[in-house]
Trainee: 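Okay, handing you the structure first.
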Amino acid sequence: MKKVVASANAAVHDIHDGAILMLGGFGLCGIPENCIAALVQKGVKNLTCISNNAGVDDFGIGLMLKQRQVKKMISSYVGENAEFERQLLSGELEVELIPQGTLATRCMAAGYGMPVVYTPAGVGTEVAEGKETRTFFFNGEEKEYLMEYAFEADFAIVKAWKGDTMGNLIFKDTARNFNPLMAMAGKITIAEVEELVPAGSLDPNFIHTPGIYVHRIFKGSNYEKRIEQRTARKRME
Amino acid sequence: MGNLNFQIYNFQIMLDKNQIAKRIAQELKDGFYVNLGIGIPTLVANYIPEGVSVVLQSENGLLGMGPFPFEGEEDADMINAGKQTITKLPGSSIFDSAMSFGMIRAGKVDLTVLGAMEVADNGDIANWKIPGKMVKGMGGAMDLVASAKNIIVAMQHVNKAGESKLLKQCSLPITGRRCVKKIVSELGVFDITDRGFELRELAPGVTVDEVVAKTAGRLVVEGDIPVMQF
């Protein structure tokens, strides 16, 4: 079993023009910084990116947008990015906005082998246009639900805190977010980790993502971990 | 001597955003799991009544959200749904985004407080899109409003042009339908029922006539309306 690759470049070597990618992270928290840098360097184009956000102008997926590598974004929230907004309004970039929970659940469904899920999010709104609905009596009430398809991504790219040579992953704090869900959903899943340890070093009881879902793993480096909104309080003397 | 600039002050007494938050905080009950949206709703956490213990949910994957970290202790891996650096508390738990919205969808979260651009008198809410102008997205708002048992909206009653934001029908694309149960605006507290916006409390100094003039949707005013207490 050889999952460990030497570098981000090696991990993304076969990501091709037109590929459908999932990228983990919420805002700039828990994003696969090393793989994004490698994709920018590689210059692949016409990508469809499934990611909760689109980075900021000069970091995260924003770096790929700047180079016009992205054809379509599927996200729930895309503020904080002027270049994104410009490309969207000019029609250069296709954008599908979907509810955050729907995005997460469509990743989860893929990893659980289920083609569809039903959710009440978006019923009666623009999001429901053209989608099949069904009414269920569930949880004590009759309610309308939207049918949403599981995502099918060529590559899922995630960032974890610790990983082992078998591809088992552990995430830290709110950097977990979409990462374990997307890890389950890629035809090929690439994990970059802050600490890569030999199999046997991690307690199996505390694994978040079992290695079966992970195809390539490498130790990332030079993490910037930018903070979007630095909020703090003064220490009382 | 330079010119003297005379400033015109608006002496009308209306609630500021902290007072709106303070009034909403009175709705919190001991043991509640609460999701607070961005903006005024976030301020509710500053006014949790004494003797009431609640757990704050942040939909990016945290139960038991604590205060901002001390200066120098900010951690990029520890943020809330507004991407602000925050802290954990004893008893906090961390989970992925599917589970986070799973607990919302399953009705485990007792109260959701969020902002709105418009609310209709049937409980429809619009807060995610201004066509041709704002294209930021809905984030978790559509999931929250579709599933929360109890939704309180903190909002401005009128827009900058003085037009009502409590409407017969939303003019903006809606986020969810028939979901808002209660509104706290700078003018008062309203329950949304089959009859429309039912005025429950007036903000200090606000008259019923003013509420009538500034509410475009169906408004129900019955009996003596008490003044909001803090």
Side-chain angles (χ1 to χ4, degrees), chain A residues 26-30 52-53 75-80 84-85 88-89 95 97-105 107-109 119-127 139-140 143 145-146 161 171-181 208 223-235, chain B residues 58-62 65 67-88 92 94-102 104-107 124 126 128-129 131-147 173-179:
Chain A
F26 176 85
L28 299 179
C29 179
N52 190 57
N53 311 89
S75 304
S76 86
Y77 188 82
V78 293
E80 293 37 284
F84 180 96
E85 205 154 322
L88 172 61
L89 294 171
V95 178
L97 292 169
I98 61 174
Q100 194 175 334
T102 301
L103 178 62
T105 312
C107 295
M108 188 195 76
T119 175
V123 168
T125 75
E126 281 181 12
V127 167
N139 219 357
K143 212 161 152 170
Y145 292 80
L146 280 186
W161 177 35
F171 304 90
K172 182 171 159 278
D173 291 335
T174 57
R176 188 180 323 184
N177 56 61
F178 289 85
N179 281 302
L181 305 163
H208 295 135
Y223 281 103
E224 269 193 55
K225 292 199 179 185
R226 282 204 206 168
I227 290 173
E228 273 183 78
Q229 307 280 340
R230 187 177 293 274
T231 45
R233 62 195 151 125
K234 289 219 184 304
R235 200 180 285 278
Chain B
S58 189
E59 68 266 24
N60 55 322
L62 168 67
M65 177 166 57
F68 294 151
F70 289 118
E71 283 177 348
E73 291 179 3
E74 303 92 336
D75 179 354
D77 289 335
M78 203 58 226
I79 63 168
N80 65 14
K83 284 129 191 163
Q84 298 171 311
T85 45
I86 41 120
T87 55
K88 288 167 281 192
S92 287
I94 301 276
F95 33 86
D96 66 53
S97 302
M99 187 178 281
S100 183
F101 286 95
I104 289 165
R105 213 180 287 118
D124 286 359
W128 77 281
K129 185 179 186 182
K133 214 168 153 194
M134 188 197 84
V135 283
K136 292 183 192 302
M138 67 291 280
M142 280 192 184
D143 306 273
L144 281 159
V145 301
S147 296
I174 64 166
T175 311
R177 62 184 187 191
R178 291 182 207 99
C179 49

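Note that this is a predicted model, so its numbers are computed, not measured. Here is the naming used below: chain letters follow the sequence lines, and residue numbers restart at 1 for every chain.
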Trainee: Quick check on A:Arg233 against chain B: is it the side chain, the backbone, both or neither that has a heavy atom closer than 4.5 Å?
Mentor: both

Trainee: Look at A:Glu126, A:Gln100, A:Arg226, A:Lys234 and state which one has the largest set of heavy-atom pairs under 4.5 Å with chain B.
Mentor: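 Option with the greatest count: A:Gln100.
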
Trainee: Closest heavy-atom contact between A:Val123 and B:Arg177?
Mentor: CG1-NH2, 3.3 Å

Trainee: Enter the distance from A:Thr102:OG1 to B:Asp143:CG here, rounded to the nearest 0.5 Å.
Mentor: 5.0 Å

Trainee: Among B:Gly176, B:Ala76, B:Pro173, which residue has the highest count of heavy-atom pairs closer than 4.5 Å to chain A?
Mentor: B:Ala76

Trainee: With a 4.5 angstrom heavy-atom cut-off, is it the side chain or the backbone of B:Phe101 that approaches chain A, or both, or neither?
Mentor: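 Just its side chain gets close to chain A.
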
Trainee: Below 4.5 Å, heavy atoms only, C-beta onward: do B:Asp77 and A:Trp161 meet side chain to side chain?
Mentor: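 Counting from C-beta outward, B:Asp77 and A:Trp161 never come under 4.5 Å.
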
Trainee: Heavy atoms only, distances under 4.5 angstrom: which of B:Gly72, B:Ala81, B:Ser100 has the most pairs with chain A? Name it, please.
Mentor: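 Greatest number of close heavy-atom pairs with chain A: B:Ala81.
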
Trainee: Apply the test side chain to side chain contact (heavy atoms under 4.5 Å, CB included) to residues B:Asp75 and A:Lys172: give CA-CA distance (whole Å), side-chain angles for both, the deciding distance (0.1 Å), then the verdict.
Mentor: CA-CA 11 Å; B:Asp75 179 354; A:Lys172 182 171 159 278; 3.3 Å; yes

Trainee: Tell me whether B:Lys88 contacts the main-chain N or O of A:Asp173 through its side chain, where contact means a donor paired with an acceptor under 3.5 Å.
Mentor: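 Checked: no pair found.
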
Trainee: Could you measure the distance from the NZ atom of A:Lys143 to the OG atom of B:Ser147? Nearest 0.5 Å is fine.
Mentor: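 It comes to 4.5 Å.
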
Trainee: Check whether any side-chain N or O of A:Thr174 sits under 3.5 Å from a backbone N or O of B:Gly61 as a donor-acceptor pair, and report yes or no.
Mentor: no

Trainee: Does the side chain of B:Lys83 come within less than 4.5 Å of A:Cys29's, by heavy atoms?
Mentor: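 Counting from C-beta outward, A:Cys29 and B:Lys83 never come under 4.5 Å.
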
Trainee: Where on B:Glu59 is there a heavy atom nearer than 4.5 Å to chain A: the side chain, the backbone, both, or neither?
Mentor: both

Trainee: Out of curiosity, A:Lys225 NZ to B:Glu74 CD, how far, rounded to the nearest 0.5 Å?
Mentor: 14.0 Å

Trainee: Between A:Leu28 and chain B, which part of the residue has a heavy atom less than 4.5 Å away: side chain, backbone, both or neither?
Mentor: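 Answer is neither: A:Leu28 stays 4.5 Å or more from chain B.
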
Trainee: Using a 4.5 Å cut-off on heavy atoms from C-beta on, say whether the side chain of A:Thr105 contacts that of B:Arg105.
Mentor: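 The answer is yes, as the side chains (C-beta and beyond) meet within the 4.5 Å cut-off.
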
Trainee: Just verifying a value: how many Å separate A:Met108 CE and B:Met99 CE, rounded to the nearest 0.5 Å?
Mentor: 9.5 Å

Trainee: Measuring heavy-atom distances to chain A, does B:Ser58 have an atom under 4.5 Å in its side chain, in its backbone, in both, or in neither?
Mentor: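 Contact with chain A is absent: no heavy atom of B:Ser58 under 4.5 Å.
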
Trainee: Under a 4.5 Å cut-off applied to non-hydrogen side-chain atoms, are B:Ile79 and A:Phe26 in contact?
Mentor: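 Result yes, sub-4.5 Å side-chain heavy-atom pair found.
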
Trainee: Given a strict heavy-atom distance threshold of 4.5 Å, which part of A:Asn52 is in contact with chain B: side chain, backbone, both, or neither?
Mentor: neither

Trainee: What is the distance from atom CE of B:Met142 to atom OG1 of A:Thr119, rounded to the nearest 0.5 Å?
Mentor: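 With rounding to 0.5 Å, CE (B:Met142) is 11.0 Å from OG1 (A:Thr119).
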
Trainee: If you compare all heavy atoms of A:Leu97 against all heavy atoms of B:Gly137, which two are closest, and at what distance to 0.1 Å?
Mentor: CD1-CA, 3.7 Å

Trainee: What option among A:Ala121, A:Gly101, A:Gly27, A:Ala104 has the most heavy-atom pairs under 4.5 Å with chain B?
Mentor: A:Gly101

Trainee: Can you tell me which of A:Ser75, A:Pro120, A:Gly30 forms the most heavy-atom pairs within a distance under 4.5 Å of chain B?
Mentor: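 Of the candidates given, the most pairs with chain B belong to A:Pro120.
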
Trainee: When you measure from the side chain of A:Asn139 to the backbone N and O of B:Ala106, does any donor-acceptor pair fall under 3.5 Å?
Mentor: yes

Trainee: Give a yes or no on whether the backbone of A:Thr231 and the side-chain of B:Thr85 come within a donor-acceptor separation of less than 3.5 Å.
Mentor: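 Confirmed, B:Thr85 side chain pairs with A:Thr231 backbone.
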
Trainee: Check each atom of B:Asn80 against the heavy atoms of chain A and say whether the ones under 4.5 Å are side chain, backbone, both or neither.
Mentor: backbone

